[in-house]
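See below for the structure under consideration.
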Protein chains: 2
Amino acid sequence: MKTEKTTLMDIARRAGLSIGTVDRVLHNRGEVSRKSQEKVMQAIRDLGYEPNMHASLLSSGRQALIAVLIPSPASGPFWSLSEEGIGRAAQATAPLGVTIRKVDYDQTDLDDFRRAARQVLDMAPSGVVVAPMFRHETLGLVEELHRREIPFVFIDSKVENDSYLAYFGMPMYESGYLCGDLLTAGHAVGHLLIVRILSDRHGQSDPTASRREGFMDYLAEHSPGCRVSQVFIDPDDPAQTRQVLDDFFKENPEVRHIVMFNSRIYLIVPWLESNAGTERRVVGFDNLEANVEALTRGTVDILIAQHPDEQVALAVQALSDRAMLDREPARKDNFMHMDILTRYNVKYY
Amino acid sequence: MKTEKTTLMDIARRAGLSIGTVDRVLHNRGEVSRKSQEKVMQAIRDLGYEPNMHASLLSSGRQALIAVLIPSPASGPFWSLSEEGIGRAAQATAPLGVTIRKVDYDQTDLDDFRRAARQVLDMAPSGVVVAPMFRHETLGLVEELHRREIPFVFIDSKVENDSYLAYFGMPMYESGYLCGDLLTAGHAVGHLLIVRILSDRHGQSDPTASRREGFMDYLAEHSPGCRVSQVFIDPDDPAQTRQVLDDFFKENPEVRHIVMFNSRIYLIVPWLESNAGTERRVVGFDNLEANVEALTRGTVDILIAQHPDEQVALAVQALSDRAMLDREPARKDNFMHMDILTRYNVKYY
DNA sequence: AATTTTTCCGTTATCGTTAACGGAATTTTG
DNA sequence: CAAAATTCCGTTAACGATAACGGAAAAATT
């Protein structure tokens, strides 16, 4: 089986034209008569041409700059997970000629996001990864990107603009539903506790809202009589957290099931560990270092993780493929694994 | 920040030599005086040279042929999962100039493995992926590969030969331990059932033995008084399977927990579904199509999956990187995720 | 000292694609 | 019908690394 690669030269010969013309057809940059165009396309079809990516990239000297716009690790440990993903993506794509530049912003500071967005635009990247926190401003950004024909990829969540190249994230509603199953372990539960963050109480956009919905729907279907209590804690005030939990469990000592829908289950770990002795079932989200440690110690039973590092890596890969190889991602919307982590499998993640 | 790539020419100039000499140093193929050698290496250090992979690959016309030696899908559905992984790996590496050829063998037929091994050697590949089934013969093969300086990667399991480039597999003992936790859901269980395959009864090498060990150790630690029963079924005889289970549950109607350590939990699904009504907890391994269907229907509660497709893909990637880019894998032994699949998260895998 | 070897190094064609350049052929304009 | 403008196409020099080739210089052999 002689698999001699067919080259531009082969096609040119078969079409009775020159490689210059063939190249013009391939990149349809005009200056080719209809008749020649068809001859070339026929030859390509006949010979099954596959461009040589090395020759192409070498000759064109194509370079790509990909901007990654995410909340800064300083504004919470969740996003520091993605650092590693950026590193891996950088390593994988660097030899291709891709540079990755991270631009982070304070996820609680709208003005800072505006600044970061402007910075991204100013560097005229060939692709942008966006983790949206501010709906309205993100919309503005992506519209501008669309106008400039700069492809962009959403991770974690997305906003209502359809011109994105791809999206990588967790199915939120389903993760809540799954969480219900894991917390109750399939049994009926009489009374359980949801711990929430104080600032989300009146927050207009709680990103975990649909997760909570999925959870409640699971309960309604599988544990109909269940009573659901909520308490609100202040992430910056451990004393308040302790107080709130003390109060709740003094009144409701029978509650055995505790869940949080954001990534901050570690906030209640100190209380749990100083009030050990009761058998409890605790479920949280995301493999933050602090969460994983609590899981390993047995304070937390299950974490549902979405691995933001993988999301970033895939997002960068998609943009790199687009910029360097003109390849579109296989799927536009990519819902990622919901990994169930217990103390017994966590060390292999 | 001017990041003009430094080329061979830059180095040659700085060293006061020609690119020919620089190239000889880079690939240390001799014919260079000690003094020149050092001048070149100094220049490389000074300028921070990074070879241009496209120019290199284009010029050298390097090609790689990677052989994948795995049990045939016909000998059980487990290995057909890896097909997809081969496909993905092929797609990813083909543009680099890598061809992948699968060679499969009947995992119950020693002679067939010998034939397949010979076939692999005859095609003089630049790398081999091996899923070992026959210990002794695999040893023979890899020793020969080592002699011929052909790198190879183990997947699924490995044999006692240290010259492998990498290994990708599941930690078997730990997967059994995890399985114990998932089957009992952390509670004490009085009596449970392990279903095994008849042919493994006296089989000298049951690949799931250490998984069973991990399981038993979990029980000893967390459910000490638990009684463990075993039954043996014939995978080719549904009637026998039914009979065996009927008999067992007539005598032990109180048993609620069932587990299998190989990938064939689907074999007992028909019995489970025609004997529904009792609340049972069923745990198995691997995301075979039949298993996943049973999971979705609720007949099986949990699957622990190792995703052979990922293993193959990573193995091929490692060999491709080695053959085409002279890159060594980051880690030699790679233990993969143990994914916990329930009906609620399975569709995202 | 003349020769043969050996050591060492520079020159160069090549890989396949890209894109600038310029020229021929054709069409439009005056 | 000549001049000007288009349209269309072939030629060619990069891109950076590879490795074959041959030649100069040094060393070893007579």
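Lettering of chains follows the sequences in order, A, B, ..., and the numbering in each one begins at 1. All values derive from a computational prediction rather than experimental measurement. The figures here come from the full heavy-atom set of this structure, side chains too, leaving out hydrogens, waters and symmetry mates.
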Rounded interatomic separation in angstrom, taking CG from A/Leu47 and C1' from C/dG16: 15 Å
Salt bridge flag under 4.0 Å for residues B/Lys5 and B/Asp10: no
Value in whole Å for how far the C1' atom of D/dG16 lies from CG of A/Leu96: 16 Å
Nearest to side-chain heavy atoms of A/Arg24, which nucleotide of D/dT18, D/dC9, C/dC9: D/dC9
Sugar-phosphate, base or nothing in reach of A/Gly20, heavy atoms under 4.0 Å: base
Aromatic centroids of A/His307 and A/Tyr349 separated by under 6.0 Å: yes
A/Met9 CE to C/dT14 P, straight-line distance once rounded to whole Å: 13 Å
Closest listed nucleotide, where the reference is the side chain of B/Ser18 and the choices are C/dT18, D/dT18, C/dG10: C/dG10
Euclidean distance, atom CG of residue B/Leu57 to atom P of D/dA19 [Å, nearest integer]: 11 Å
Side-chain heavy-atom pair B/His54, B/Ser59 within 4.5 angstrom cut-off: no
Which residue lies more 5' along DNA chain D, comparing B/Leu26 with A/Gly16 via nearest heavy atoms: A/Gly16
Side chain B/Ser56 and base D/dA17 donor-acceptor under 3.5 Å: no
Flag if over 12 foreign heavy atoms under 6.0 Å of CD, A/Glu149: no
Given D/dT11, D/dC9, D/dA17, the nucleotide with the shortest approach to the side chain of A/Leu17: D/dC9
Between P of D/dG16 and CZ of B/Arg13, the distance in whole Å: 11 Å
Side-chain N,O (B/Ser36) to OP1/OP2 (C/dC8) below 4.0 Å: no
Between D/dG23 (P) and B/Glu31 (CD): distance, integer Å: 16 Å
Side chain of A/Asn52 (C-beta onward), nearest among C/dT17, C/dC15, D/dG10: C/dT17
Protein-nucleotide distance (B/Leu8, atom CG; C/dC15, atom P), rounded to Å: 19 Å
Side chain of A/Tyr49 - closest among C/dT17, C/dT18, C/dT12: C/dT17
B/Leu58 side chain, from C-beta outward: closest of D/dG16, D/dT12, C/dT11: D/dG16
Neighbour count >12 (heavy atoms, 6.0 Å) for atom CZ, B/Arg34: no
Short side-chain N/O contact to C/dC15 OP1/OP2 from B/Ser60, under 4.0 Å: no
Candidate nucleotides C/dG10, D/dA17, C/dC8, ranked by approach to the side chain of B/Asp23 - the nearest: D/dA17
Sugar-phosphate, base or nothing in reach of B/His54, heavy atoms under 4.0 Å: nothing
Nearest-Å distance for atom pair CZ/P, residues B/Arg29 and D/dA17: 13 Å
Listed nucleotide nearest any side-chain atom of A/Ile19, set D/dC9, D/dT18, C/dT18: C/dT18
Ring-face cation contact, B/Tyr164 with B/Lys332, 6.0 Å cut, 45° max: yes
